[in-house]
Amino acid sequence: MPELPEVEVLARHLAPLIRGKTIRDVTVRRERVLRPTSLRELGLKLTGAKFLQLRRRGKYLLFTLRVPKQKAPLRLLGHLGMTGKMYLLAADAPLPKHAAVVLGFGKTKFVFEDTRYFGRFTLDTSAVEKLGPEPLEKEFTVAVFAAALKKSSQAIKVKLLDQELVAGVGNIYASEALFRAGISPKRPARTLKLGEVKRLRQSIRAVLAEAIRCGSTVPLNFMGIGERDGLFYFGSAVGAPDFYTERLRIYDRAGKPCSKCGVVVRRIVQAARSTFYCPKCQSR
DNA sequence: CACCATGTTCCTTG
DNA sequence: CCAAGGAACATGGT
């Protein structure tokens with residue numbers, strides 16, 4: 001379920017549920033997700049530790065824990081990959097088929113479920129140091145963005161997926177932001193004019209902010225999940241306002257009419273990923 | 001059976 | 001060294 005907005009909403013929901021909770025036991029059912037941390041080290045360090053904080057950086061979750069008798073807090077990094085989810089269950093509730101890591105709290109348990117196991121749950125936090133600016137923060141300036149784009153001849157859509165350029169944009173919101181800005185996904189990054197760079201930056205911010213707003217207002221259930229809500233993208237949560245289902249204006253709409261001009265939306269493949277665009281609204 | 005999928009990393013090629 | 005493209009990772013949906 002994972003691009004920046006989904007991770008942000010997850011962090012906001014999860015933070016109050018785990019804050020102050022002490023980990024009594026650690027169960028790892030798929031060691032791959034710990035990479036490169038060993039099963040032994042994770043169990044050793046997490047058992048007895050208490051959750052203090054949870055924040056998001058790009059598509060990563062950063063947990064801060066307090067270890068008894070230790071001054072320095074412990075940092076834990078989570079990434080949802082393509083199919084990861086995190087939520088709490090009652091201690092006696094059955095685990096899903098693809099539960100990768102389970103942390104026992106006593107009456108409840110924290111579950112990291114990940115069908116494809118592309119996600120991570122690890123003590124190695126080095127990945128966040130390589131990330132570019134947070135798109136919704138002040139650090140994501142026109143100057144920084146424009147300078148980075150000038151250095152690249154990659155197609156702009158492909159470049160937007162580079163987490164060193166800007167952290168948190170994924171395949172869906174890259175198409176959405178370009179559609180909103182009226183820029184062709186095929187344009188080499190370095191050919192964007194300053195006005196287009198400004199528009200694109202604003203579109204990225206607007207698209208992400210709107211998605212966070214939607215996720216924050218929709219009734220999502222993170223405690224004792226029953227339904228399989230993959231969270232946002234294609235779901236239509238019960239009682240959700242109309243704009244929730246109409247939120248994606250270009251992604252996955254190949255063959256349908258463009259919402260702005262009616263021309264048929266196209267799907268192309270760039271860097272082995274699908275890109276959706278309107279050939280008229282995004283002709284250059 | 002075929003092809004598609006929200007992400008990242010590694011390998012090869014130029 | 002860099003850029004770019006593709007495959008790999010693993011499972012499930014259509």
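Here is how names work: the chains are called A, B, and so on, in the same order as the sequence lines, proteins then strands, and each is numbered from 1.
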Got a salt bridge between A:Glu137 and A:Arg205, using NZ or NE/NH1/NH2 to carboxylate O under 4.0 Å? no
Spacing of A:Asn171 atom CG relative to B:dC4 atom P, expressed in whole Å: 13 Å
If a protein heavy atom is under 4.0 Å from the base, mark B; if only from the sugar-phosphate, S; if neither, -; do that for nucleotides 8-14 of chain C going 5' to 3'. -BBBS--
Hey, where does DNA chain B pair up into stems, meaning at least three consecutive Watson-Crick or G-U pairs with distances under 3.5 Å? B:2-5 with C:11-14, B:7-14 with C:2-9
The criterion is side chain to side chain contact (heavy atoms under 4.5 Å, CB included); which residues satisfy it with A:Lys150, sequence neighbours excluded? none
Between CZ of A:Arg253 and C1' of B:dC4 the distance, given in whole Å, is 19 Å
Expressed as a whole number of Å, how far does the P atom of C:dA7 sit from that of B:dA2? 16 Å
Between A:Asp162 (CG) and C:dA4 (C1'), how many Å, whole number? 12 Å
Show me the pairs that pass ring-ring contact (aromatic ring centres under 6.0 Å, His included) and involve residues 17-46 of chain A, at least two apart or across chains. none
Distance, rounded to the nearest Å, where A:Gln163 contributes CD and B:dT8 contributes C1': 9 Å
Quickly work out the A:Leu160 CG to B:dT8 P distance and round it to whole Å. 14 Å
Rounded to whole angstrom units, what separation is found between the NZ atom of A:Lys159 and the C1' atom of C:dC2? 11 Å
If you round to the nearest 0.5 Å, how far is CG of A:Leu160 from CG of A:Leu178? 5.5 Å
Would you list the protein and nucleotides 12-14 of chain B atom pairs, both N or O, that sit under 3.5 Å from each other?
none

In chain order, what residues pass the ring-ring contact (aromatic ring centres under 6.0 Å, His included) check against A:Phe118, with sequence neighbours excluded? none
Partner set under salt bridge (charged side-chain N to carboxylate O under 4.0 Å, His left out) for A:Glu31, not counting sequence neighbours: none
Counting only heavy atoms and a strict 4.0 angstrom limit, can you tell me which residues of residues 267-279 of chain A come near DNA chain C? none
Can you name the residues that form a ring-ring contact (aromatic ring centres under 6.0 Å, His included) with A:Phe276, not counting sequence neighbours? A:Tyr251
Smallest heavy-atom separation, A:Leu192 atom then A:Arg187 atom, equals CA-NH2, 3.6 Å
For B:dT9 and C:dG12, measure between their P atoms and round to the nearest Å. 24 Å
side-chain hydrogen bond (donor to acceptor under 3.5 Å, both in side chains) partners for A:Lys157, two or more places apart: A:Asn171, A:Thr275
For B:dT8 versus C:dC1, give the span between their C1' atoms, rounded off to a whole number of Å. 22 Å
Separation of B:dT8 P from A:Leu61 CG (nearest whole Å): 12 Å
Any A:Lys151 side-chain nitrogen or oxygen under 4.0 Å from OP1 or OP2 of C:dC2: no
Of all the heavy-atom pairs spanning A:Ser175 and A:Ile250, show the shortest one and how long it is. O-CG2, 3.5 Å
Please check if the number of heavy atoms outside A:Arg66 that lie under 6.0 Å from its CZ is greater than 12. no
Does A:Ser153 put a side-chain nitrogen or oxygen below 4.0 Å from OP1 or OP2 of C:dA4? yes
Under the rule for ring-ring contact (aromatic ring centres under 6.0 Å, His included), what residues qualify as partners of A:Phe112, not counting sequence neighbours? A:Phe121
Is the shortest distance from a Lys or Arg side-chain nitrogen in A:Glu134 or A:Arg57 to a carboxylate oxygen in the other one below 4.0 Å? yes
Sequence neighbours excluded, every pair satisfying ring-ring contact (aromatic ring centres under 6.0 Å, His included) that has a member inside residues 191-211 of chain A: none
Could you give the CG-to-P distance, from A:Leu161 to C:dA3, as a whole number of Å? 16 Å
